Amino acid sequence: MEHLERCAWFLRGTLVRAAVRRYLPWALVASMVAGSLLKELSPLPESFLSNKRNVLNVYFVKLAWAWTFCLLLPFIALTNYHLTGKAGVVLRRLSTLLVGTAIWYVCTALFSNIEHYTGSCYQSPAMEGVREEHRSKQQCHREGGFWHGFDISGHSFLLTFCALMIVEEMAVLHEVKTDRSHCLHMAITTLVVALGFLTFIWVWMFLCTAVYFHDLSQKVFGTLFGLLGWYGTYGFWYLKSFSPGLPPQSSSLNLKQDSYKK
C-alpha cells in the first residue's frame, strides 16, 4: 500500500498540474514532427516496438479507447460524487465518455472511408500491378492483394485524444481529499496509478508511431483530429452550460478560460 501511495503521489504531482494540460498538446505535436523527421532522414533499426504485433500495440493501443473508457468511468463517478454528492452531476459528467465514444466512432469511420475512396488494390507492397477488379480493402486483402490509400493514422488520433482526456479529468484531484483509512481513498489511489501509467503508455506509443509508422501527412491529420476532439470538447463545448461540463474544481470555468487564452 505504501508503494501504491508513493506512486499515486508522484503521478498526481506530475499529471495534475495546469502546466501539463497547457503544454502537453504542444509537446505531442512537436514529438510527432520530430519523430517523423527522424523516420524520414535517419530511420531507426527494427526493434520490438517497430513490430505491429508487440504486446503494447496488440493489447493496449488497439484497445486504447476501451482501456480509457473502463478506467475513467469509475474514476469520474467516484471523484465527482465525492465532491458534489449529487447523482445528477455524476451522470452528467459521465456523459463525457459517451461524447468521447462518439468522437472515436465518427473519426475512425471517417478515416476508413477516406482510405477506401482514395485507395486501389495492388499486386505487391511496391504498388505494382493495379487490380481493377477489387474495389474494397477487404476484398483486396482476401484475394492476396495490397490496398494503398491515404491512411490517416488512427493511432496518432486516438492516443492524442485519450492522453489529453485523461489529463483533463485528473484535474479534479486538486479538490479530492479523502481519509487514508477509508476504502474510497484506496479505490481512487488505485485508479490514479492505473490512469497515470495508462497515460504514459499512450504518450510512449504515440512517440513510437511517430518514429516507426505512417507518413508525415498521415500522422499530421491523425494528431490534428485528436487535438480537435479534445479542444472542441474541453476547450470549448464543456465551458458552456448545456454540456457535460468540466471536472468540478474551484473556479474551474475561470481557470479553464484563462488557460486557453494564454
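A quick note: this is a predicted structure, and the numbers were derived from the prediction, not measured.
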Exercise. Is it true that the side chains of His185 and Glu5 contain a donor and an acceptor less than 3.5 Å apart?
Worked result: yes

For this session: May I ask you to decide if the ring planes of Phe60 and Trp202 are parallel, tilted or perpendicular, using 30° and 60° as cut-offs?
Result: perpendicular

For this session: Starting from the C-alpha separation in whole Å, work towards a yes-or-no answer on side-chain contact (heavy atoms from CB on, under 4.5 Å) for Tyr234 and Glu169.
Result: CA-CA 10 Å; Tyr234 288 91; Glu169 291 298 333; 2.5 Å; yes

Exercise. Any side-chain donor paired with an acceptor under 3.5 Å for Tyr212 and Ser47?
Worked result: yes

For this session: Check whether any side-chain heavy atom of Phe206 sits under 4.5 Å from a side-chain heavy atom of Thr223, and report yes or no.
Result: yes

Problem set entry | Interatomic spacing from OG1 in Thr209 to CH2 in Trp204 - rounded to 0.5 Å | 11.5 Å

For this session: Ignoring hydrogens and angles, tell me if any N or O in the side chain of Lys86 forms a donor-acceptor pair with the backbone of Leu83 under 3.5 Å.
Result: no

Seminar exercise, completed: salt bridge (charged side-chain N to carboxylate O under 4.0 Å, His left out) filter on Lys137, not counting sequence neighbours, yields Glu115

Exercise. Rounded to the nearest 0.5 Å, what separation is found between the CD1 atom of Ile152 and the OG atom of Ser217?
Worked result: 9.0 Å

Exercise. Do you reckon Val99 sits in the same ILVMFWY cluster as Val89, going by side-chain contacts under 4.5 Å, direct or chained?
Worked result: no

Exercise. To the nearest 0.5 Å, how far apart are CG in Asn57 and NZ in Lys52?
Worked result: 8.5 Å

For this session: Check whether any side-chain N or O of Glu175 sits under 3.5 Å from a backbone N or O of Val172 as a donor-acceptor pair, and report yes or no.
Result: no

For this session: Answer yes or no: does atom CZ of Arg92 have more than 12 heavy-atom neighbours from other residues, nucleotides or ligands under 6.0 Å?
Result: yes

For this session: Look only at the side chain of Trp67 and the backbone of Lys62, and say whether a donor-acceptor pair between them is shorter than 3.5 Å.
Result: no

Exercise. Same cluster for Tyr238 and Leu98 if Ile/Leu/Val/Met/Phe/Trp/Tyr side chains link at under 4.5 Å?
Worked result: no

Exercise. Using links of under 4.5 Å between side-chain heavy atoms of ILVMFWY residues, direct or through other members, which residues join Leu228 in one cluster?
Worked result: Leu224

Problem set entry | Residues that Ala187 engages under side chain to side chain contact (heavy atoms under 4.5 Å, CB included), provided they are two or more places apart | Leu78

Problem set entry | Exercise: identify the closest heavy-atom pair between Thr160 and Gly226 | CG2-C, 4.0 Å

Problem set entry | Under 3.5 Å donor-acceptor, Asn54 side chain and Asn51 backbone | yes

Exercise. Heavy atoms, side chains only, cut-off 4.5 Å: are Ser153 and Phe157 in contact?
Worked result: no

For this session: Report yes if some heavy atom in the side chain of Leu191 is under 4.5 Å from a heavy atom in the side chain of Pro74; otherwise report no.
Result: yes

Exercise. What's the verdict on side-chain contact (heavy atoms from CB on, under 4.5 Å) for Leu239 and Leu246, showing C-alpha distance, side-chain angles and the deciding distance?
Worked result: CA-CA 7 Å; Leu239 300 178; Leu246 296 169; 3.5 Å; yes

Exercise. Taking Arg53 for the side chain and Val58 for the main chain, is one N or O donor matched with an acceptor at less than 3.5 Å?
Worked result: no

Problem set entry | N/O donor-acceptor pair under 3.5 Å between Arg93 side chain and Ala77 backbone | no

Exercise. Just how far is it from atom SG of Cys70 to atom CG of Leu97, taken to the nearest 0.5 Å?
Worked result: 9.5 Å

For this session: Would you please name every residue forming a ring-ring contact (aromatic ring centres under 6.0 Å, His included) with Phe150, sequence neighbours left out?
Result: Phe221

For this session: Count the heavy atoms of every other residue, nucleotide or ligand shown that sit under 6.0 Å from CH2 of Trp65, and state whether that count exceeds 12.
Result: yes

For this session: Sequence neighbours left out, what passes salt bridge (charged side-chain N to carboxylate O under 4.0 Å, His left out) with Arg6? Give chain and number order.
Result: Glu2

For this session: Pick out which of Leu71, Thr68, Leu15 makes a side chain to side chain contact (heavy atoms under 4.5 Å, CB included) with Ile166.
Result: Thr68

Exercise. Is it the case that more than 12 heavy atoms not belonging to His148 sit under 6.0 Å from its NE2 atom?
Worked result: no

Exercise. If you measure from CG on Leu195 to CE on Met165, what distance do you get to the nearest 0.5 Å?
Worked result: 10.5 Å

Exercise. Is there side-chain contact between Trp147 and His116, with heavy atoms separated by less than 4.5 Å?
Worked result: yes

For this session: Return yes when atom OH of Tyr81 has more than 12 non-hydrogen atoms of other residues, nucleotides or ligands closer than 6.0 Å, and no otherwise.
Result: no

Seminar exercise, completed: Rounded to the nearest 0.5 Å, the SG atom of Cys162 sits from the CZ atom of Phe69 at a distance of 12.0 Å

Problem set entry | Heavy-atom check, side chain of Ser50 versus side chain of Leu44, under 4.5 Å | no

Seminar exercise, completed: In terms of heavy-atom contacts, Trp230 and Glu168 come closest through NE1-OE2, 2.8 Å

Seminar exercise, completed: Note: Leu24 and Ala163 closest approach over all heavy atoms is CD2-O, 4.5 Å

Exercise. So, do Val16 and Leu11 sit near enough that their side-chain heavy atoms are less than 4.5 Å apart?
Worked result: no

Can you list, pair by pair, the side-chain donor-acceptor contacts under 3.5 Å of residues 28-39, counting residues two or more places apart and other chains?
unit_1	atom_1	unit_2	atom_2	d
Ser31	OG	Ala27	O	3.0
Ser31	OG	Leu28	O	2.9
Ser36	OG	Met32	O	2.7
Ser36	OG	Lys219	NZ	3.1
Lys39	NZ	His214	O	3.4

For this session: Could you check if a side-chain atom of Val192 sits within less than 4.5 angstrom of a side-chain atom of Phe75, using non-hydrogen atoms only?
Result: yes

Exercise. In terms of heavy-atom contacts, does CZ of Phe48 have more than 12 from other residues, nucleotides or ligands at under 6.0 Å?
Worked result: yes

Problem set entry | Note, Phe225 side chain near Leu110 side chain (heavy atom, < 4.5 Å) | yes

Exercise. Is the backbone of Phe10 close enough, under 3.5 Å, to the side chain of Thr14 for a donor and an acceptor to pair up by distance?
Worked result: yes

